[in-house]
Amino acid sequence: MKAIVDCNSFYCSCERLFRPDLQNKPIVVLSNNDGCIISRSDEARKLGVGMAGPYFQARHIIEQNDISVFSSNYHLYGDMSRRVMDTLRTLAPEVEVYSVDEAFLDLSELPVEELAAYARHIRNRVEQWTGISVSVGVAPTKTLAKLANLQAKKDKKATGCVKVLLTQEEQRIALQQTRVDNIWGVGRSYAGKLINWGITSAWELSNMPEEWAHTNMGGVTGVRLIRELRGTPAIAMEDELVNKRMIATTRMFGRPVTALYELKEAVATYISRAAEKLRRQQSAAKVVSVFIVSKEQDHLADFKRGATISNYTTLDRASSLTHELIKPAIELVEQLFENGKEYKKAGVMLSGLVPDSSVQGNLFVPASQNQHRHLMHAIDNINFSMRDDAVKFGSSGMSKNWKMRQELRSARHSTRWEELKEIK
DNA sequence: TCTGGGGTCCTAGGACCC
DNA sequence: TCTGGGGTCCTAGGACCC
């Protein structure tokens, strides 16, 4: 049996930890650039604040109801996430961190009759140790566990945030109560098709033949989904600490950007950030990609499908050194940039990742390479322990007035000494 | 006026090989 | 006029996740 443990309104819960006055009050957390609502408390949901909607559209509800608003504070959420995951590792032999606020636990060693009590124990311990409240779903497969978790969250009072689907009968009822668009692995595109075909509940989908799923739902992915819904594990627990295969840093700008030099500054800044992530997992990148997005003139167009143009360079030799990666990236920007256009977003991607052979120093490369490696290490350490970007490359610019807005961010209470919470 | 920032996996199709 | 069968590797793009 597998469990999924999911933090309730995670970002909002983190903000409330340091603002006990907001307990049981409506609050929301915004995405970068204060663009979208990415987390909302139950109270805010009940007032009619939608999920993942643009902030400006919900603004009137927010102001009318005096809902507290926060810009996202990823230092705080990252640190709280680590504490939750550390707690979960004391509770199961195998833990797969699935996202910042979710983890799968392997509970197959536990007798089935103890599962419900153990799930409640997990919930209580995480809340007691970290202050974050979680929901727990338990079932024979990951997909059914996610479905159980959804039900636990939907009616917190009745379930106590814990739902266990042991028997086939329990699973059937849960499947019948779940709409296809709420299934883990069914997104907007498939949901639309399924409903057109008259398949509306998870139960109906689970009764479709595997060959049908293979033809109509993305090949093996669809077959796995059907099996998982029927209670046959088809998606295994993943190993942890697997290195990323791609590293991206992308941002909206705080205002439209028209000057090439600003675009170059932004891309140099993003490369610096991406290269840090690269070195943290001791990888080097062979491919550098850059994309820029111009402001959509046609207001009827879907804003996400704005005019994105991109290009990439393949390096002769994989590198993890910031300056070696900035150079090709800047050249790409120069190619992509068009005078007179307004840009709203840019991003960089590092791929073709391989283990970084220069980590230990390499006899077969010039000594200067190893020197650079030490320099990078020193810069990373300084930037990690001091303020962000205390040391950076000149091409990243000094003023950065294209930077995103983050006007409502709370203090980084748990990761910066100077921002430690004071109690008088 | 104002719409995030990461990631993963899978498939189809082209280039190339013998 | 006729023109095989099989395989690998790579990339672009689509779908999904939180």
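Here is the naming used below: chain letters follow the sequence lines, and residue numbers restart at 1 for every chain. Only a predicted model underlies this, so the values are computations on that prediction, with no experimental measurement involved.
Among the candidates A/Gln151, A/Lys154, A/Arg172, the single residue satisfying the side chain to side chain donor-acceptor pair (under 3.5 Å) test with A/Gln177 is A/Gln151.
One finds a salt bridge joining A/Arg273 and A/Glu276 here, because a Lys/Arg side-chain nitrogen approaches an Asp/Glu carboxylate oxygen to under 4.0 Å. With respect to the salt-bridge test (charged N to carboxylate O, under 4.0 angstrom), the residues A/Asp66 and A/Lys25 do not qualify. For A/Lys163 and A/Glu170, the salt-bridge test fails: no basic side-chain N is under 4.0 Å from an acidic carboxylate O. Using a 4.0 Å cut-off between a side-chain N of Lys or Arg and a carboxylate O of Asp or Glu, A/Asp6 and A/Lys153 qualify as a salt bridge.
Atom CZ in A/Phe253 sits about 14 Å away from atom C1' in B/dG5, given to the nearest Å. The CE-C1' distance, from A/Met252 to B/dG6, rounds to 15 Å in whole Å. Rounded to an integer number of Å, the gap from CG of A/Asp34 to P of B/dT1 is 19 Å. If you measure from atom CG of A/Leu350 to atom C1' of B/dG7, you get 14 Å, rounded to the nearest angstrom. Look at NZ on A/Lys142: it is 12 Å from P on C/dC18, rounded to the nearest Å. Between the P atom of B/dC9 and the OH atom of A/Tyr190 lies a distance of 16 Å, rounded to the nearest Å. As a whole-Å value, the separation of A/Arg188 CZ from C/dC16 P is 9 Å. Summarising the geometry, the separation between CE on A/Met217 and P on B/dC9 is reported as 19 Å, rounded to the nearest angstrom.
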Show me, pair by pair, the donor-acceptor contacts under 3.5 angstrom made by side chains of residues 204-214 of chain A, not counting sequence neighbours?
| residue | atom | partner | partner atom | Å |
| --- | --- | --- | --- | --- |
| A/Glu204 | OE1 | A/Thr200 | N | 2.7 |
| A/Glu204 | OE1 | A/Thr200 | OG1 | 3.2 |
| A/Glu204 | OE1 | A/Ser201 | N | 3.2 |
| A/Ser206 | OG | A/Trp203 | O | 2.7 |
| A/Asn207 | ND2 | A/Trp203 | O | 3.2 |
| A/Glu210 | OE1 | A/Arg227 | NE | 3.4 |
| A/Glu210 | OE1 | A/Arg227 | NH2 | 3.0 |
| A/Glu210 | OE2 | A/Arg227 | NE | 3.0 |

Listed pairs under 3.5 Å, donor-acceptor, residues 325-340 of chain A side chains, sequence neighbours left out:
| residue | atom | partner | partner atom | Å |
| --- | --- | --- | --- | --- |
| A/Glu334 | OE2 | A/Lys264 | NZ | 2.8 |
| A/Gln335 | OE1 | A/Asn311 | ND2 | 3.2 |

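Expressed to the nearest 0.5 Å, how far CG of A/Leu17 lies from CG of A/Leu76 amounts to 7.5 Å.
Across all strands shown, A/Tyr11 has no heavy atoms under 4.0 Å from either base or sugar-phosphate atoms. At a threshold of 4.0 angstrom between heavy atoms, the contacts of A/Val100 with the nucleic acid are absent. Residue A/Leu225 is out of contact with every strand shown, counting any heavy-atom pair closer than 4.0 Å. Residue A/Asp101 is in sugar-phosphate contact alone, with no base atom involved, counting any heavy-atom pair closer than 4.0 Å across all strands shown. As judged by a 4.0 angstrom heavy-atom cut-off over every strand, A/Leu30 is placed among residues making no nucleic acid contact.
Residue A/Lys146 has no polar side-chain atom (N or O) positioned under 4.0 Å from OP1 or OP2 of C/dC17. Contact annotation: A/Lys295 side-chain N/O to B/dC2 OP1/OP2 distance is under 4.0 Å. For A/Lys344, no side-chain nitrogen or oxygen approaches OP1 or OP2 of B/dC2 to under 4.0 Å.
B/dT3 and C/dC18 have their P atoms separated by 24 Å, with the value rounded to a whole Å.
DNA chain B is contacted by A/Pro54, A/Phe56 of residues 54-73 of chain A, taking any non-hydrogen atom closer than 4.0 Å.
Between C/dC17, B/dT3, B/dG6, one nucleotide has an atom nearer to the side chain of A/Tyr98 than all others, and that is C/dC17. Closest to the side chain of A/Ser99, from the set C/dC18, B/dT3, B/dG5, is C/dC18. Closest contact between the side chain of A/Ile247 and the listed nucleotides B/dG5, B/dG7, C/dC18 involves B/dG7. Proximity note for A/Lys277 (side chain, C-beta onward) versus B/dG5, C/dC18, B/dG7: the nearest is B/dG7.
If you check the side chains of A/Ser320 and A/Asp356, you find a donor sitting under 3.5 Å from an acceptor. Side-chain polar atoms of A/Glu342 and A/Thr258 form no donor-acceptor pair below 3.5 angstrom.
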*Could you run down nucleotides 10-15 of chain B 5' to 3' and tag each one B, S or - for protein heavy-atom contact under 4.0 Å?*
SS----

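A residue-by-residue look at A/Ala52 and A/Ala248 shows that A/Ala52 has its nearest nucleotide of DNA chain B further toward the 5' end.
Legend: salt bridge (charged side-chain N to carboxylate O under 4.0 Å, His left out) pairs involving residues 134-150 of chain A, not counting sequence neighbours, sorted by first then second residue: A/Glu96-A/Lys142, A/Glu102-A/Lys146.
In this structure, A/Tyr118 and A/His121 have tilted ring planes: the angle between them lies in the 30° to 60° band.
The number of heavy-atom neighbours closer than 6.0 Å to CD of A/Gln168, taken from other residues, nucleotides and ligands shown, is 12 or below.
Each end of the helix from B/dG5-C/dC18 to B/dC18-C/dG5 gets its own axis from five base pairs, and the two axes differ in direction by 10°, given to 10 degrees.
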